[in-house]
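Input: a single structure, listed below in structure tokens.
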Amino acid sequence: MERAVILSDDRYFADLLIYEVDGLFTDFRIVKEKGGDLPRGDAYFIDLDRVGNRPLPDMPCFLFTRKEKTAVTGHPTKLFSLPFPLGSVRVAVLGVGRKMPRLTLGTDGRTVTLDGRTVRLSEGEFSLLSRLAEAKGGYVGREELLADVFTGASDAGILNVYIHYLRKKLEDGDEKIIFSSRGDGYRLNEKFFGGET
């Protein structure tokens, strides 16, 4: 069974979070008291305000916090800044035991979550990103994208414009999400879909 530690320093969000992950694990523990060792289980919810600096089990951690500088020292932790859309929690936690995706597509057809940050896209941008995501890191040709996303548009300029929009909304700093090749088309950086922890 996949295992996880889910931490929060916000009690209101924590109560909602408990319902959100209900049913994902066969043995889900809520640890709020100080002192003592953690019981063995598939998953834990830990209230950081009450528990303090107790040692954590060796399993993936998900930290939901409103504080700007909160860290779990000596333990690999995926940080989510609050407020955070609850619908994305299951996507994040279901990735435990595997390499966690950094980019997930929302079910509403308009939003994506990138490293815990929700980004709103236009319908065309979301369709283009979804089509690239289907290729799982492989290239998708320009003609194919024009036919599938833009209903057979012949002017490749529209594709260039939407690729530019996506890059502007998703890419930050030097890390590229969308790669292009003159002969092959476009592809997504595979590590955003689970290539790195």
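Below, all heavy atoms of this structure are taken into account, side chains as well, without hydrogens, waters or symmetry copies.
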When rounded to the nearest 0.5 Å, the distance separating CD of Glu125 from CD1 of Ile163 is 10.0 Å
Side-chain (Glu171) to main-chain (Ile177) donor-acceptor, under 3.5 angstrom
yes
What is the minimum heavy-atom distance between Gly124 and Val149, and which atoms define it?
O-CG1, 4.2 Å
If you take all heavy atoms of Leu105 and Ala133, which pair is closest and at what distance?
CD1-CB, 4.1 Å
What pair of heavy atoms forms the shortest contact from Phe150 to Ile158, and how long is it?
CD2-CD1, 3.8 Å
Find out if a path of hydrophobic residues (ILVMFWY) with successive side-chain heavy-atom gaps under 4.5 Å connects Val161 to Phe179.
no
With heavy-atom distances below 4.5 Å as the criterion, would you say the side chains of Thr113 and Leu103 are in contact?
no
Go through the steps for Val140 and Asp148 under the test side chain to side chain contact (heavy atoms under 4.5 Å, CB included), then give the verdict.
CA-CA 11 Å; Val140 184; Asp148 294 349; 5.7 Å; no
Nearest 0.5 angstrom please: Leu145 CG to Tyr186 OH, how far?
8.5 Å
Just how far is it from atom CG of Leu128 to atom CD1 of Ile178, taken to the nearest 0.5 Å?
6.5 Å
Within-4.5 Å side-chain heavy-atom neighbours: Ser122 and Tyr165:
no
Cluster check Leu188, Leu146: I/L/V/M/F/W/Y, side chain < 4.5 angstrom
yes
Looking at Arg120 and Thr111, would you say the former's side chain and the latter's main chain have a donor-acceptor pair under 3.5 Å?
no
Rounded to the nearest 0.5 Å, how far does CG of Asp184 lie from CZ of Arg182?
12.0 Å
How long is the gap from CG on Leu159 to NE2 on His164, to the nearest 0.5 Å?
13.5 Å
